[in-house]
There are 2 protein chains.
Amino acid sequence: MSVARVSRTSYHHGNLEEALITSAIKLIRKHGPDNLSLRAVASELGVSPSAAYHYFPDKDSLIHGVGDHLFAELTQMMEKSLEKFPGKNIKATKSRFREIGRAYFTWASKEPNLFRLLFGGFCSMDRGKSHKEDSSFKILEKTLDELVECGAMPKKLRPYGEVLAWTSVQGAVTLILEGHLPKSSFEDLLDGLELALGVR
Amino acid sequence: MSVARVSRTSYHHGNLEEALITSAIKLIRKHGPDNLSLRAVASELGVSPSAAYHYFPDKDSLIHGVGDHLFAELTQMMEKSLEKFPGKNIKATKSRFREIGRAYFTWASKEPNLFRLLFGGFCSMDRGKSHKEDSSFKILEKTLDELVECGAMPKKLRPYGEVLAWTSVQGAVTLILEGHLPKSSFEDLLDGLELALGVR
DNA sequence: CCATAATCTGAACATTATTCAGATCACTAA
DNA sequence: TTAGTGATCTGAATAATGTTCAGATTATGG
């Protein structure tokens, strides 16, 4: 795969570490995580292939860097999506619950290769760090609490809320992306999830 | 990566196509789907690298062959796991429902790299072929029908059963494999799934 | 302004996927 | 049995890749 070399004014790039990640994201988006080439990334930035090794010990490390960047971006995007439905009333709270899943699905649909990078075994999480610390998990927790608070969801079903909602949305996105379920299944899933969790 | 060459008696291998798949599975299991080397596969079989091109037009094609093989194996494994709980009574039927998910999870835990091959974007399904034709989907459908028949699950929740059960198990396995959820979450999920689907 | 450290280059090496001309073998027809 | 034909596999070649390292270039602090 040949990539056009980009010219550069100074010998030093200035912000190569960040540029490498940005460029890698661009190429992974286009060619998939398993087809990322370090040389192509360097070439895009008009930099020699070995320059990258000053910031990342190897290709895997760069990919992990990309993963961290994307996880943060994904969480931020989910937080922002909630702002569309402010308020403590039942309707708004239910909308927020749906919107979390939808935002996740929409992002993954637009960026299937980036989603694959995050969950296809290219960057596994550090063991020992609990998922409770995960910001996106906290968002879901909070929204479920609010559902119970405003009486839109029975307390009895609350304890299983996070895991059931999180896993089913994750699974639906995966299966739809890989062609095992039609896109239309996603709204069906949200319907079923609400019904099963007693959200009404 | 250097692999020991295996000797061969005859010039013709005899069953190279199948052997290539078997050998590829072995290496993917060990080194992950993104680290499969055609040359290593050939070397394992004591065959020249170019021999593979008589059966597969390229590496991707071999990987797809592996995927088909594994999907069939996975379905067969799930079917067999149901035989452990025969009978139409409530207890047996509920056990079968749980066992489908558990068998899936157990397989993925033992073979994380093979699971990643199947759902990490390495072999997407042919569009146009509906998931209804999928054998593993049919197994789940049948088991859910049996749950309703024996009165262990309300009819009202039945329509969402497949998608909810399938996606949540799929998602749980993915998230646990990539370190976003602890292993113990899986049994929690099954509990929650049963509670939410009204299985009792 | 100089010395030192940070940053980047260039050339090298081993490994990879892929191609293709030709060697080897199995099998059929005479 | 034997010649020939097509299937099967080899060997060598090419282009691309990750990675290393000695050295060139530049920024920076005294």
Side-chain angles (χ1 to χ4, degrees), chain A residues 1-28 30-67 113 117 121-123, chain B residues 1-24 26-28 30-67 117 121-123:
Chain A
M1 191 189 317
S2 66
V3 176
R5 195 157 300 199
V6 168
S7 66
R8 200 164 95 250
T9 53
S10 61
Y11 188 90
H12 283 21
H13 180 280
N15 201 357
L16 189 51
E17 179 167 0
E18 200 182 309
L20 285 167
I21 288 186
T22 307
S23 204
I25 291 177
K26 187 172 161 187
L27 292 177
I28 291 170
K30 199 177 290 186
H31 303 109
D34 50 330
N35 286 105
L36 178 69
S37 143
L38 252 195
R39 296 178 104 96
V41 173
S43 184
E44 257 232 334
L45 299 170
V47 141
S48 93
S50 25
Y53 288 84
H54 203 74
Y55 301 94
F56 301 97
D58 52 20
K59 191 184 164 186
D60 255 28
S61 185
L62 170 60
I63 289 185
H64 264 82
V66 169
N113 281 329
L117 173 75
F122 296 94
C123 35
Chain B
M1 188 190 319
S2 66
V3 176
R5 195 156 300 199
V6 169
S7 66
R8 203 165 93 250
T9 52
S10 61
Y11 188 91
H12 284 22
H13 180 280
N15 202 356
L16 189 51
E17 180 167 0
E18 200 181 309
L20 285 167
I21 289 186
T22 307
S23 204
K26 187 172 162 187
L27 292 176
I28 291 171
K30 199 176 289 184
H31 303 108
D34 50 332
N35 287 106
L36 179 69
S37 144
L38 254 194
R39 296 179 101 95
V41 174
S43 185
E44 258 233 335
L45 300 169
V47 142
S48 93
S50 23
Y53 288 85
H54 203 74
Y55 301 95
F56 302 97
D58 53 21
K59 192 183 162 185
D60 256 28
S61 185
L62 170 59
I63 289 185
H64 264 82
V66 169
L117 173 75
F122 297 94
C123 35

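Here is the naming used below: chain letters follow the sequence lines, and residue numbers restart at 1 for every chain.
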request  = Give the angle between the helix axes at the two ends of the helix from dC1(C)-dG30(D) to dA30(C)-dT1(D), taking five base pairs at each end and rounding to 10°.
outcome  = 0°

task = Measure from CD on Glu17(B) to P on dT8(D) and round the result to the nearest Å.
result = 10 Å

Euclidean distance, atom OH of residue Tyr53(A) to atom P of dG10(C) [Å, nearest integer] = 17 Å

query = Which atoms form the tightest heavy-atom contact between Cys123(B) and Gly67(B), and what is the distance?
reply = SG-CA, 3.9 Å

task = Sequence neighbours left out, what passes side-chain hydrogen bond (donor to acceptor under 3.5 Å, both in side chains) with Lys26(B)? Give chain and number order.
result = Glu44(B)

task = Applying side-chain hydrogen bond (donor to acceptor under 3.5 Å, both in side chains), name anything that partners Ser50(A), two or more places apart in sequence or on another chain.
result = Ser48(A)

query = OP1 or OP2 of dC9(D) less than 4.0 angstrom from a side-chain nitrogen or oxygen of His54(B), does that happen here?
reply = no

query = Which heavy atom in Lys59(A) sits nearest to a heavy atom in Leu38(A), and how many Å separate them?
reply = CG-CG, 4.1 Å

d(CG, Leu38(B); P, dA17(C)) in whole Å = 5 Å

key: Spacing of Asn35(B) atom CG relative to dA14(C) atom P, expressed in whole Å   = 21 Å

Distance-only donor-acceptor test, Arg39(A) side-chain atoms vs dA16(D) base atoms, 3.5 Å = no

ask   = Which listed nucleotide (dC9(D), dT7(C), dC21(D)) is nearest to the side chain of Tyr55(B)?
value = dC9(D)

message = Distance check needed: dT17(D) C1' versus Lys59(B) NZ, whole Å only.
response = 11 Å

ask   = Reckon Leu62(B) touches a base, only the sugar-phosphate, or nothing at all at heavy-atom distances under 4.0 Å?
value = nothing

remark   = Of the listed dG11(D), dA17(C), dT19(D), the closest approach to the Ser50(B) side chain comes from dG11(D)

key: Interatomic distance where CG belongs to Asp34(A) and P belongs to dG18(D) [whole Å]   = 12 Å

key: All side chain to side chain contact (heavy atoms under 4.5 Å, CB included) counterparts of Ala42(A), not counting sequence neighbours   = Val47(A)

request  = Using a cut-off of strictly less than 4.0 Å, decide whether Ser37(B) has a side-chain nitrogen or oxygen near OP1 or OP2 of dA17(C).
outcome  = yes

key: Results of side-chain hydrogen bond (donor to acceptor under 3.5 Å, both in side chains) for Asp34(B) - residues two or more places apart only   = none

query = To the nearest angstrom, how far is Leu16(B) atom CG from dT8(D) atom C1'?
reply = 9 Å

remark   = Taken in chain and number order and not counting sequence neighbours, the residues that satisfy side chain to side chain contact (heavy atoms under 4.5 Å, CB included) with Phe56(B) are Glu17(B), Leu20(B), Ile21(B), Ser61(B), Leu62(B)

ask   = How many Å lie between CG on Asn15(A) and P on dT7(C), as a whole number?
value = 11 Å

task = Tell me whether the OP1 or OP2 atom of dC9(D) has a side-chain N or O from Ser48(B) closer than 4.0 Å.
result = no

